[in-house]
Amino acid sequence: MFFYLKDQRKSQSKDVESTKYQKQHSNSLSTYNSEDENPERGNWSGKLDFLLSCLSYAVGLGNLWRFPYLCYQNGGGAFLIPYFLMLVFAGLPMFFLELSFGQFAGEGVITIWKVCPLFQGIGWGMFIVSCFIGIYYNVVIAWTLFYFIVSFNKHVPWEGCDNHWNTPACGILDVEGIKNCSASNGVWENHTCNYDLDKPENLTTDVDQLIDELLSTRKNPSDEYFHNFVLDISDGFHDMGVIRWQTAVSLLGAWTLVCLCLIKGIKSQGKVVYFTATFPYLVLLVLLVRGLTLPGSMNGIMYYLTPQWHRLASAKVWGDAAVQIFFSLSPGWGGLITLASYNKFHNNCLRDAVVVSFSNCLTSFFAGFVIFGIIGFMAHEMQLPIDKVASDGAGLAFIVYPEVVSRLPVSPIWAILFFSMLITLGLGTQFSVITTIHTTLLDVFPDTLRKNRRPTFLIIVICVLGFLLGLTCCTRGGMYMLQLIDNYAATYSLLIITLFECIALNYVYGIKNFMKDISKMLDKKPFPELWWKVMWLGVTPAILMFIMFFTWIDYTPSKYADYHYPVWADAMGWLISMASVTAIPTVMIYKLCTVDYNGTLLEKLKFLTTPTSDWGPANEKHKQAVEVINTRLDTRIPLTEPEIVVFSEHHQATTEKVPQNSEMSKQPESESQLLSSEECKLQSDQDVC
């Protein structure tokens, strides 16, 4: 139990220093206004800026091309039950926890761990995860940008099989012709039905089996356009090949967009998200209306929604629901903490967490109608069952939907609409990822990077480095690299990071302290208080461990299409995954070895798991208001008298009991202040310690 005394002169000196800082760095603070509570970092211009930024961050490409596929694969409408239950018990609690944490301290993912210095490695882990995601995510946006640009033509380029990138396997399977041929005892060969040929002994007589065999050898025009032209994909990871200049130029364009939109930090991001967060909904609505007019669309929608109740007995269904809701809301990336750190202190982050979490899930559900309406039309056109057409991931965005577009009148318009929506969905997430990296570096090195126009130069440097590193995914084997990073960078590592985060805040810092911090921001206890305590202390960590266990059980070595990655490639993937996780024990060991505190290992652990004296809100006024809460009083052990930790000039600690009714604030100004060891190190006169 610790108690630190701070006199009024210290807070006054900080106000003076803050004023001097603003004058000396007026150029770098030109994007901030007088209404900002934090003049050094700035705040959102309005509450809607933050809300839309969070929504744009959470609602990404996965909502469009991952959730609908999972829904139909895991019981259709029945999947919504475990999905929304996992939202309530895992997704929303973690979302609210990170928003509260970031908003209270007003700092980035690394410097915020003054709350518990021993666990600062969690912040470094989040930073590393964001770096990996930022590199490969923009490559997907680059592909989308390329498709968007080439759609400005009289005809979409992936139409037909008479292009130089097409192979003899290109073509649409004539399912109806095959069935008629089989019914009339003909032999289907080379796209025609032959009646004069003798049937080979090994000829497949089952029509459905024959169609499956032919499907495995046929390639749609959109498939060959994506793999043979856009990617010019190689035979495997061992053959990375040269850089595709088309993809490299598109990647440069994507990073240029990110740089221009973030050039003024959150002030410019807060304006751009008004478009990136709302435009996708408009396009989805237009595509839904158009899709409902297409033959077969209702069959696709019914296939999407029809509940298969018996699937709820499968553990895989619940595991998939937990994994999807967790990775969709993106806790553990650092983005939620970063975005919330720019909020004003009394913003209602509980309301924002509920609104964004449920909006994210409803968006996924709504997108399913659009996607399966289109898939139903595709199945009708190809005379195939819906499950033969349904796809997820890049296959849906760059193969299935482009193929549908090529069959519609005025196809370029629908292609432009669809890919413009994908661009805005991707950029909304990418903005927050890069803002996390940018903010973290500014907070860790404020004296170096927050001067003059250096924050602007820093965002340019981040984008240039991101572009150069992303070129590895622009080679002929780049798809294999992208899939590897996607499989490992933010899966197992993310679960471990968030589990440690939950433990550090609710068990080490203490749930009582954390709830008091939230209450001070909201001016009331978060309703219902008992619910959040139960979630954070037991239910949510248990679900995180369940997701981790399920992910391990469900693990399969990496593959793309029919290509299985070599063992050394998966080993490299595990190194990517562990790069962020190992930051946690590495920082712990570093802190224990370098802490300027003489004591046993247990005493050092106790010291490093206690908030530092400067932990609290960034604004001095708010910090003074909550100082009585965060004075290192151990509220987890009630009915005991607090102790003062007195540091000698050699930083050796002794404790003294303090009467509960002592009037400490009435000490004369001439008396020495009692400071933490970190504050002592900053003092030129060691006598004050």
Side-chain angles (χ1 to χ4, degrees), residues 17-46 49-50 52-53 56-57 102 106-112 126-127 130-131 133-135 137-138 141-142 145 251-276 333-335 337-344 426-471 618:
E17 289 175 3
S18 177
T19 304
K20 288 181 179 179
Y21 185 94
Q22 294 181 54
K23 291 180 179 179
Q24 293 172 359
H25 301 78
S26 57
N27 289 334
S28 64
L29 300 173
S30 59
T31 58
Y32 308 147
N33 55 53
S34 58
E35 296 180 358
D36 289 341
E37 290 182 352
N38 190 336
E40 182 179 350
R41 300 175 84 251
N43 296 104
W44 296 106
S45 299
D49 293 17
F50 168 69
L52 291 178
S53 292
S56 192
Y57 175 56
E107 296 195 63
V109 296
I110 293 177
T111 53
I112 199 172
M126 291 178 176
F127 175 74
S130 291
C131 288
I133 292 172
I135 292 169
Y137 204 82
N138 229 20
I141 298 174
L145 188 61
L251 183 63
L252 179 61
W255 276 110
T256 301
L257 280 174
V258 172
C259 186
L260 292 176
C261 292
L262 298 180
I263 199 71
K264 291 188 177 181
I266 59 163
K267 298 298 184 183
S268 56
Q269 179 184 350
K271 299 298 179 286
V272 175
V273 292
Y274 280 84
F275 177 74
T276 60
W333 291 22
I337 293 176
T338 301
L339 295 176
S341 71
Y342 290 105
N343 273 337
K344 292 186 177 180
L427 285 176
T429 301
Q430 183 73 354
F431 288 158
S432 297
V433 171
I434 301 305
T435 296
T436 300
I437 299 171
H438 184 240
T439 298
T440 300
L441 294 174
L442 289 177
D443 286 349
V444 173
F445 307 105
D447 296 334
T448 303
L449 298 178
R450 285 197 185 275
K451 293 180 180 178
N452 303 318
R453 297 189 180 276
R454 292 183 186 178
T456 300
F457 294 143
L458 178 61
I459 195 69
I460 294 173
V461 170
I462 291 172
C463 291
V464 170
L465 289 176
F467 167 71
L468 294 176
L469 293 172
L471 289 176

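Being a predicted model, the structure only gives us computed values, none of them experimental.
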Asks: Nearest heavy-atom pair of Pro446 and Glu40: which atoms, and what distance?
Replies: CB-OE2, 3.9 Å
Asks: Could you grab the distance from atom CG of Leu145 to atom CD1 of Ile141, nearest 0.5 Å is fine?
Replies: 9.0 Å
Asks: For Asp49, run the salt bridge (charged side-chain N to carboxylate O under 4.0 Å, His left out) check against Lys271, Lys344, Lys267 and tell me which one passes.
Replies: Lys271
Asks: Under a 4.5 Å cut-off applied to non-hydrogen side-chain atoms, are Trp44 and Leu339 in contact?
Replies: yes
Asks: Can you name the side-chain hydrogen bond (donor to acceptor under 3.5 Å, both in side chains) partners of Thr440, sequence neighbours left out?
Replies: none
Asks: Between Ser130 (side chain) and Val433 (backbone), is there a donor-acceptor pair under 3.5 Å?
Replies: no
Asks: As an exercise, state the distance from CG of Leu427 to CG of Asn138, rounded to the nearest 0.5 Å.
Replies: 7.0 Å
Asks: Not counting sequence neighbours, which residues clear side-chain contact (heavy atoms from CB on, under 4.5 Å) with Leu441? List them please.
Replies: Phe127, Ile437, Phe445, Leu449, Leu458, Ile462
Asks: Just jot down the side-chain hydrogen bond (donor to acceptor under 3.5 Å, both in side chains) partners of Thr276, sequence neighbours excluded, or say none.
Replies: Ser56
Asks: Please list, chain by chain and in numerical order, all residues satisfying salt bridge (Lys or Arg N to Asp or Glu O under 4.0 Å) with Asp443, sequence neighbours excluded.
Replies: Arg41, Arg450
Asks: What residues form a side-chain contact (heavy atoms from CB on, under 4.5 Å) with Val461, not counting sequence neighbours?
Replies: Leu465
Asks: Glu107: which residues meet the side-chain hydrogen bond (donor to acceptor under 3.5 Å, both in side chains) condition with it, sequence neighbours left out?
Replies: Thr111, Lys114
Asks: Give, for atom CZ of Arg453 and atom CD1 of Ile263, the distance between the pair rounded to the nearest 0.5 Å.
Replies: 10.0 Å
Asks: State the NE2-OG distance between His438 and Ser432, to the nearest 0.5 angstrom.
Replies: 14.0 Å
Asks: Mind checking ring pair (Phe, Tyr, Trp, His ring centres under 6.0 Å) for Tyr274 and listing every partner two or more places apart, or none if nothing turns up?
Replies: none
Asks: Could you tell me the separation between the SG atom of Cys259 and the CZ atom of Phe467, rounded to the nearest 0.5 Å?
Replies: 13.0 Å
Asks: Is it true that a side-chain atom of Thr338 and a backbone atom of Gly108 form a donor plus acceptor pair closer than 3.5 Å?
Replies: no
Asks: Suppose we screen for side-chain contact (heavy atoms from CB on, under 4.5 Å). Which residues come up paired with Leu262, at least two apart in sequence or across chains?
Replies: Val258, Gln269, Phe431, Ile434, Thr435, Ile459
Asks: Going by the rule side-chain hydrogen bond (donor to acceptor under 3.5 Å, both in side chains), which residues pair with Thr439 if we only count those two or more places apart in sequence or in a different chain?
Replies: Tyr342
Asks: Does a side-chain heavy-atom distance below 4.5 Å link Thr429 with Tyr137?
Replies: yes
